[in-house]
Protein chains: 2
Amino acid sequence: MRHNGSMNARAAITPRPSIAITRSERKRQTREALLEAALELLEDRSFGSLSLREVARSAGIVPTGFYRHFDGMEELGLALVDESFRTLRQMIRSARAGRQDTTNAIRASVAILVRHVHEHRLHFRFIARERSSGVPALRRAIHNEIRLFSSELAIDLARMPFLGDWSSEDLHMVSGLLVDTMVSTAEAILDAAPDDPAAEREIVRMAEKRLLLIALGVPRWRPSTAASGGERGERRADGPS
Amino acid sequence: MRHNGSMNARAAITPRPSIAITRSERKRQTREALLEAALELLEDRSFGSLSLREVARSAGIVPTGFYRHFDGMEELGLALVDESFRTLRQMIRSARAGRQDTTNAIRASVAILVRHVHEHRLHFRFIARERSSGVPALRRAIHNEIRLFSSELAIDLARMPFLGDWSSEDLHMVSGLLVDTMVSTAEAILDAAPDDPAAEREIVRMAEKRLLLIALGVPRWRPSTAASGGERGERRADGPS
DNA sequence: CGTTTGGGTGAACATATGTGCACCGAAAAT
DNA sequence: ATTTTCGGTGCACATATGTTCACCCAAACG
C-alpha cells in the first residue's frame with residue numbers, strides 16, 4: 001500500500017447546529033475543509049501522490065461530494081496556489097513598509113520572512129514542494145507568481161536612488177537573486193526541526209550574510225548599458241584575480 | 001485514473017541472444033533498465049506518484065520481478081540518488097580544473113553546468129524534483145549530498161589567497177550562496193523549452209551576472225572574526241544608504 | 001404554503017495497486 | 001551429469017482509486 005498514513009477523518013463542519021447558517025456559507029466551510037485537509041496531508045508527500053478520495057475522506061465528506069467544489073484534484077491544487085500566494089502577497093506588503101539602511105532592511109526582511117513562514121507553515125510548505133515537483137499546471141502557476149514577485153521587487157529597486165542608472169535587465173537580475181535567496185531560506189526553515197530555535201537562528205544568520213554580501217556587490221556593479229545584446233566577452237575582470 | 005501516460009512497455013533486455021552473457025551481467029542490465037525506466041517516467045510527475053508496477057512494466061519485466069533488484073520503490077529512489085550524484089561529482093571534478101580570473105572562472109563554471117545538465121538531463125531533473133518534494137528519505141539523501149558539495153566548495157575557496165582570512169562560517173556562507181545559485185540555474189535550464197537556445201542563453205547570461213555580483217561583493221566583505229557569537233547589531237551599514 | 005435547488009450520500013463500476021506464493025528454465029556450481 | 005542457484009513468470013488476493021448514477025433532504029425561493 002502506498003498511502004498508509006493515519007486514516008482518521010475529521011468532520012468537515014464543526015457540529016455547531018446552534019445557529020442556522022446560510023447555505024453558501026456552509027459550502028464555503030466544506031470547501032475550506034477540503035483545502036486544509038489537502039494541505040495537511042502534504043506533510044511528507046507531494047501533491048501528485050494525493051488522491052481525491054483521501055482528501056475527501058480527511059475533510060469528512062464522501063468522495064463524490066468532492067465534485068460539488070472542484071472538478072478534480074488539479075483544480076484543488078490551483079486553488080491552493082491561489083490561497084497560498086494571497087497570504088504571500090500580504091507578506092510582501094509588510095516587507096515593503098520598512099524603509100531603512102541596507103543592513104536593517106535585510107534584517108527586517110528576513111525577520112518578516114521567518115515570521116510568515118511560521119504563521120503560514122502549510123502554505124509555504126506547499127509552494128516550496130510543488131514549486132519544482134509534480135503536476136505541471138501547479139508548477140507553472142507557482143513559477144508565474146514567483147516571477148511576478150521578482151518583477152515587483154525589481155520595480156521597487158528601481159526607485160532606489162543608487163540604482164537609478166541600472167538597466168532593467170540588471171535590476172531583474174538582482175531581484176531574481178534576492179528572491180531565490182529568500183526562497184531557499186524559506187525552504188531551509190521549513191526543513192529545520194520546527195522546535196529547534198538554535199538551528200533556525202543559524203539559518204537566519206546565514207541568510208542575512210548572504211543578502212549583505214549581495215548588497216556589498218551592488219555599488220561595485222558596472223551597470224550594463226540598456227542596450228542589451230551580444231556584448232559578451234569584454235566585461236572587466238573586476239573581482240579578485 | 002491518475003496515471004494515464006502511454007503504456008508502451010519496452011523490453012528490458014535488447015534481444016541479442018547471439019552471444020551468451022553472464023548472469024550477473026544480465027541482472028545488471030535489468031536493474032539499469034528499471035532505473036532508467038523510472039527516470040523517464042518522471043518527466044512530469046514526482047517520484048512519490050510513481051508505482052512499482054508502472055516502473056516494472058515500462059522496464060519490460062513483471063511486477064514481482066522488481067523485488068529481485070530492489071525491495072521497494074524507496075530503495076530504487078535511493079539508488080537513483082546515488083547514480084545521479086555520481087555523475088554530478090564527475091561534473092565538479094571538471095569544474096575544479098579551470099584556474100583563471102574570476103570572470104572567466106564564472107563563465108567556465110556556468111558553461112560546465114549547462115553542458116552537464118544537457119548530458120544528464122534526466123538525472124538533473126530527478127534531483128531537482130525530489131530535492132524539495134516527496135519522499136523524506138530521498139529528500140534527506142539529496143540534501144546531504146548537496147551540503148557535501150557546498151562544503152567541498154568552501155574548502156576550495158579557502159585555498160584562494162584573497163579569502164585566506166575568512167572565517168570558515170563565512171566561507172560556507174559564500175559556497176552555500178554559490179551552490180544555491182547554481183541549483184536554481186540548473187532548474188531554470190530544465191524548465192526552459194529544451195529546443196529554445198535563445199531562452200537558455202538568457203538564463204546563462206543571468207546566471208553569470210548573479211555570480212559576478214556575488215564576486216564583486218567579496219572584496220568588500222568584512223570577515224567576521226572566527227569567534228562567532230552574539231555580536232549582532234553592529235555590522236556597519238556599509239552598502240548604499 | 002408548495003417547489004426548486006444544491007450540498008451531501010451510498011452503491012456500484014472498471015481499473016489500479018503492493019505483495020505473497022508456487023513455479024520455470026537456464027546459467028552456475030558441484 | 002547432476003544439482004543448485006536465481007532472474008523472471010503467472011496467478012491470486014485484498015485493497016485503493018476516479019467517476020457514474022440515482023437518491024435524500026433542508027435551505028432558498030415563489
Side-chain angles (χ1 to χ4, degrees), chain A residues 1-7 9-35 37-38 41 45 47-77 135, chain B residues 1-7 9-35 37-38 41 45 47-77 135:
Chain A
M1 252 109 273
R2 204 142 88 264
H3 307 139
N4 49 5
S6 64
M7 311 184 102
R10 189 177 29 98
I13 314 155
T14 52
R16 202 190 304 140
S18 45
I19 2 166
I21 48 184
T22 164
R23 188 138 80 179
S24 64
E25 169 61 13
R26 227 170 156 97
K27 172 162 186 177
R28 206 195 50 81
Q29 284 188 16
T30 317
R31 188 188 139 104
E32 202 58 42
L34 283 169
L35 291 170
L41 284 170
R45 327 231 315 261
F47 186 83
S49 74
L50 204 55
S51 79
L52 183 153
R53 286 179 107 107
E54 214 173 350
V55 175
R57 189 187 315 143
S58 132
I61 67 172
V62 93
T64 48
F66 183 98
Y67 294 105
R68 302 290 186 200
H69 304 270
F70 308 96
D71 66 26
M73 283 297 288
E74 183 167 310
E75 194 172 296
L76 204 201
V135 190
Chain B
M1 250 110 273
R2 203 143 88 263
H3 307 139
N4 50 2
S6 64
M7 311 183 102
R10 190 177 29 100
I13 314 155
T14 52
R16 203 190 304 141
S18 45
I19 3 168
I21 48 183
T22 163
R23 188 141 78 181
S24 64
E25 169 61 14
R26 224 166 157 96
K27 172 163 185 175
R28 205 195 51 80
Q29 284 187 16
T30 317
R31 188 188 138 104
E32 202 58 43
L34 283 168
L35 292 170
L41 284 170
R45 327 233 312 264
F47 186 83
S49 74
L50 204 54
S51 78
L52 183 153
R53 287 179 106 107
E54 214 173 351
V55 175
R57 189 186 316 142
S58 132
I61 67 172
V62 93
T64 47
F66 183 98
Y67 295 105
R68 302 291 186 199
H69 303 271
F70 308 97
D71 66 27
M73 282 298 288
E74 183 167 310
E75 195 172 296
L76 204 202
V135 191

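Within every chain, numbering begins at 1; the chains are lettered A, B, ... in the order of the sequence lines, protein sequences first and strands thereafter.
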Distance check needed: [N] [atom2] versus [X] [atom1], whole Å only.
{"X": "A:E74", "N": "D:dG18", "atom1": "CD", "atom2": "P", "value": "14 Å"}
{"X": "A:I61", "N": "D:dT19", "atom1": "CD1", "atom2": "P", "value": "14 Å"}
{"X": "A:D71", "N": "C:dG6", "atom1": "CG", "atom2": "C1'", "value": "17 Å"}
{"X": "B:R57", "N": "D:dT9", "atom1": "CZ", "atom2": "P", "value": "14 Å"}
{"X": "A:F66", "N": "D:dT17", "atom1": "CZ", "atom2": "P", "value": "13 Å"}
{"X": "A:R23", "N": "C:dT5", "atom1": "CZ", "atom2": "P", "value": "10 Å"}
{"X": "A:M73", "N": "D:dT17", "atom1": "CE", "atom2": "C1'", "value": "12 Å"}
{"X": "A:R53", "N": "D:dT19", "atom1": "CZ", "atom2": "P", "value": "11 Å"}

Below 3.5 Å, does any donor atom in the side chain of A:R68 face an acceptor in the base of C:dG8, or the other way round?
yes
So which heavy atom on [X] is nearest to which on [Y], and how close?
{"X": "A:V55", "Y": "A:L34", "answer": "CG1-O, 3.6 Å"}
{"X": "B:E74", "Y": "B:V135", "answer": "OE1-CG1, 4.0 Å"}
{"X": "A:A37", "Y": "A:S58", "answer": "CB-OG, 3.3 Å"}

Inter-residue atom distance A:Y67.OH - A:L52.CG, 0.5 Å rounding
4.5 Å
The side chain of B:V62 is closest to which nucleotide in this list: C:dT9, C:dG18, D:dT9?
D:dT9
Do the side-chain N or O atoms of [X] get closer than 4.0 angstrom to the phosphate oxygens (OP1, OP2) of [N]?
{"X": "B:S51", "N": "C:dT17", "answer": "yes"}
{"X": "B:T64", "N": "C:dC21", "answer": "no"}
{"X": "B:R26", "N": "C:dA26", "answer": "no"}
{"X": "A:T22", "N": "D:dA27", "answer": "no"}

Salt bridge check, A:R57 against A:E54: does any charged N sit closer than 4.0 Å to a carboxylate O?
no
